[in-house]
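Quick notes on the structure that follows.
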Amino acid sequence: MPQENIVTRFPPSPTGYLHIGGARTALFNWLFSRQKGGKFVLRIEDTDRERSSEEATRAILESMEWLGLDWDEGPYFQSRRNDIYDAAIEKLLSIAQAYHCHCTTEILEQKRKEASSKGLKPKYDGQCRDLGLGPAPGSVVRLKTPLNGVTQFNDLVKGPISFDNEELDDLILRRSDGSPTYHLAVVADDINLGITYVIRGDDHVNNTPRQILIYKALGEPLPRYAHLPMILGPDKHRLSKRHGAMSVLEYRDMGCLPHALLNSLARLGWSHGDQEKFTREELIETFSLENVGKAAGVFNLEKLLDLNGWHIRESSDQFLVKELTPFLDRLGLENPGEEMLMKVVAILKVRSKTLVEMAEGARFLFQKEIDYDKKGDDKFLKPNVLRLLEELLGELEKTPEFTHTGLEKTFTAFLEEKEIKLRKIAQPLRVALTGKTASPGIFEVMELLGKDKVLERLRRAITHIQTKE
RNA sequence: GGUCCCAUCGUCUAGCGGUCUAGGAUAUCGGCCUCUCACGCCGGAGACACGGGUUCGAUUCCCGUUGGGACUACCA
């Protein structure tokens with residue numbers, strides 16, 4: 001039983017798809033709560049109605065589900081929780097920790113300009129702070145932040161961090177249209193939902209003192225904070241669209257396994273000694289905030305692909321059959337049924353870094369008529385092997401058992417009689433049967449294809465070579 | 001500009017004062033295995049940003065420089 005009630009949360013704003021930075025934040029929150037036997041809450045921060053969309057919300061939920069990051073509560077939608085924010089604002093107002101401000105945006109804008117032209121910090125000057133103003137159309141509510149002193153917290157990954165309160169100004173809590181601002185909504189929600197650990201990107205470090213001040217003004221206990229380093233693009237800049245694949249769903253469509261993406265994301269910024277490969281269970285077991293690094297990191301696709309290959313190899317055939325099916329559909333290949341797919345997956349898993357590759361590798365089996373790869377055709381389907389292939393065809397016709405062992409017997413005898421090495425015939429045969437120069441072992445290929453198709457394709461290749469002359 | 005954060009191989013990282021001629025992973029380059037591809041195995045090349053301290057001793061602690069990032073909105 002956990003001594004402490006641990007509640008973490010992931011609060012994406014639905015202004016776009018779930019990208020890998022967000023996914024990692026979600027993952028760390030999820031891992032932490034799962035390990036500690038706590039709760040993981042999902043909250044959609046859609047207070048900015050201009051930029052939020054239902055489509056984005058759906059994409060985020062779909063991503064979370066695909067990743068297997070299940071939540072215990074929610075999704076809560078901030079757009080439907082106004083009473084909570086209003087209550088918090090009213091409380092602050094009633095205990096004189098907040099006040100109405102009548103300054104217009106024009107005036108504020110002008111003041112900011114003046115201040116920065118004089119080289120001063122462009123912060124709110126507290127004009128309405130002590131005027132005791134009441135609500136008025138177009139007015140906002142601001143927090144009365146302390147004029148001096150420091151606000152500090154002990155970040156679970158970065159250590160102690162402190163800010164002079166002088167640096168902070170009286171931030172807006174309620175906009176002139178009556179809606180709550182981000183800072184107020186976050187704090188009010190986190191209090192309401194009983195969040196005890198705020199694990200988020202370190203782009204929020206500077207927001208933390210503002211939020212702490214709201215907690216304090218409200219007289220509520222603070223959560224613990226852990227700020228994760230950012231994920232950067234290859235140019236070391238913050239991840240953005242121009243860095244290619246960003247959306248979690250793109251990785252799914254690329255043929256990644258969710259566990260592999262999770263593994264890769266976990267290792268970006270967190271480590272457990274020299275271990276690189278983790279199953280989901282191992283991640284839950286070994287994860288710790290203490291081992292989260294402080295420096296931002298670049299996301300490496302190649303490493304993900306390597307990990308993906310490993311996770312594919314580690315996966316059960318049955319699981320892979322299920323995962324592979326949509327990718328076969330996408331290639332327009334006929335589904336040959338589970339029994340056949342189990343065999344296919346078994347020989348393809350060792351040579352596939354993605355499910356897309358795996359489906360591609362299975363193509364020759366399920367495609368009615370194969371195309372010869374140009375290079376393979378030129379290099380291996382030449383008249384000088386015509387004789388050999390014809391003789392082989394004869395042998396294969398006589399082979400009763402089209403299994404790996406049966407075929408191997410036929411070949412051993414054939415090669416011995418012809419006094420040649422397998423390599424002499426394997427490549428031409430491979431191109432004849434698969435159209436490609438790379439494939440699983442030639443005996444596996446023949447067994448899977450079955451006698452009829454093998455003979456048919458071999459005959460076709462022979463005709464094909466004959467027309468070359 | 002101000003505030004805050006960060007800094008080990010190309011990339012992800014281990015390292016929490018001596019064990020570092022700095023370890024692992026990936027990528028890369030050789031080689032082995034071998035019917036091709038892949039897997040696997042063996043090996044090579046490749047990093048402590050710089051400058052001061054502290055210390056008998058700094059990759060590890062402190063300060064500065066440089067570089068990067070975040071925030072600085074009635075966006076989240």
Side-chain angles (χ1 to χ4, degrees), chain A residues 11-15 45-48 50-52 78 101 103-105 108-109 112 116 119-123 138-142 155 158-159 161-164 166-169 171-177 179-183 185-186 201-210 227 229-230 232 234 236-238 264 267-277 290-291 293-307 309-310 313 347-353 357 361 376 380 411 415 421-431 434 436-443 445:
Chain A
S13 58
T15 54
E45 307 212 324
D46 56 350
T47 52
D48 182 354
E50 293 282 303
R51 296 197 304 148
S52 301
Q78 286 192 324
C101 168
C103 296
T104 62
T105 44
L108 294 173
E109 188 58 36
R112 260 198 293 273
S116 52
L120 294 171
K121 197 176 170 69
K123 60 178 219 177
S139 71
V140 300
V141 174
R142 288 182 184 270
D155 193 275
K158 301 208 182 258
I161 298 177
S162 73
F163 293 81
D164 286 332
E166 286 174 52
E167 298 296 331
L168 279 13
D169 60 2
L171 79 169
I172 293 174
L173 265 19
R174 175 149 64 200
R175 299 188 189 105
S176 52
D177 68 357
S179 65
T181 57
Y182 164 71
H183 290 295
V186 164
D202 73 5
D203 48 338
H204 287 288
V205 168
N206 289 277
N207 290 331
T208 306
R210 300 175 213 286
H227 287 97
M230 300 270 87
L232 309 176
K236 302 265 189 167
H237 284 270
R238 192 182 183 162
S264 148
R267 279 291 289 104
L268 214 191
W270 170 81
S271 61
H272 182 67
D274 282 341
Q275 189 174 352
E276 298 282 347
K277 291 157 179 173
E290 299 82 70
N291 290 319
K294 297 179 182 185
V298 176
F299 181 73
N300 191 211
L301 180 65
E302 279 155 342
K303 201 149 180 173
L304 167 62
L305 291 178
D306 177 71
L307 240 20
W310 181 79
R313 273 173 262 138
I347 63 162
L348 248 27
K349 65 199 275 188
V350 69
R351 60 200 99 223
S352 306
K353 283 208 187 318
E357 264 185 48
F380 296 112
F411 269 75
L415 297 175
K421 295 272 192 201
L422 179 58
R423 60 189 331 139
K424 183 105 200 273
I425 189 93
Q427 278 307 79
L429 185 57
R430 175 168 282 111
V431 176
T434 70
K436 296 179 187 153
T437 51
S439 82
I442 199 70
F443 301 130
V445 165

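Chain letters run A, B, ... following the sequence lines, proteins first, then strands; residues in each count from 1. Here the structure is a predicted model, which means the values were calculated and not measured. Quick note: numbers below take in every heavy atom, side chains included, and nothing from hydrogens, waters or symmetry partners.
Using a 4.0 Å heavy-atom distance criterion, A:L268 is classed as a sugar-phosphate-only contact. Residue contacts for A:R313: at a heavy-atom cut-off of 4.0 Å it reaches the sugar-phosphate backbone alone, with no base atom in range. If you check every strand for non-hydrogen atoms under 4.0 Å, A:G441 touches a base. Within 4.0 Å of A:P12, counting heavy atoms only, lies no atom of the nucleic acid at all. A:T105 comes within 4.0 angstrom of a nucleotide base, judged by non-hydrogen atoms across all strands. Nucleic acid contact for A:E276: base, since at least one base atom lies under 4.0 Å from a heavy atom of the residue. Among the heavy atoms of the strands lying under 4.0 Å from A:K353 are primed sugar atoms or P, OP1, OP2 only; no base atom is included. Among the heavy atoms of the strands lying under 4.0 Å from A:R423 are primed sugar atoms or P, OP1, OP2 only; no base atom is included. Among the atoms of the strands shown, only primed sugar atoms or phosphate atoms (P, OP1, OP2) are found under 4.0 Å from some heavy atom of A:F163.
In terms of position along RNA chain B, the nucleotide closest to A:D274 lies nearer the 5' end than the nucleotide closest to the other residue of the pair A:S352 and A:D274. Comparing A:A438 and A:E45 along RNA chain B, the residue whose closest nucleotide (by nearest heavy atom) sits nearer the 5' end is A:A438.
Atom C1' of nucleotide B:rU11 and atom CZ of A:F299 are separated by 12 Å, given to the nearest angstrom.
With hydrogens and angles left out, the side chain of A:K303 and the base of B:rC12 share a donor-acceptor pair within 3.5 Å. For B:rC39, its base never sits under 3.5 Å from the side chain of A:R351 at any donor and acceptor pair.
Side-chain atoms of A:S439 lie closest to B:rU36 of the nucleotides B:rC39, B:rU36, B:rA76.
Remark: side-chain polar atoms of A:D46 are paired, donor with acceptor, to backbone N or O of A:Q78 under 3.5 angstrom.
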Can you pull every protein N or O that's under 3.5 Å from an N or O on nucleotides 65-72 of chain B?
unit_1	atom_1	unit_2	atom_2	d
B:rG69	OP1	A:H237	ND1	2.6
B:rG69	OP1	A:H237	NE2	3.3
B:rA70	O2'	A:D203	O	3.0
B:rA70	N3	A:N206	ND2	3.2
B:rC71	OP1	A:R238	NH1	3.4

Can you tabulate the close N/O pairs, meaning under 3.5 Å, that link protein atoms to atoms of nucleotides 61-64 of chain B?
none

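Atom name C1', nucleotides B:rU28 and B:rC35: the rounded distance is 27 Å, in whole Å.
With sequence neighbours excluded, the residues forming a side-chain hydrogen bond (donor to acceptor under 3.5 Å, both in side chains) with A:E109 are A:R112, listed by chain and number.
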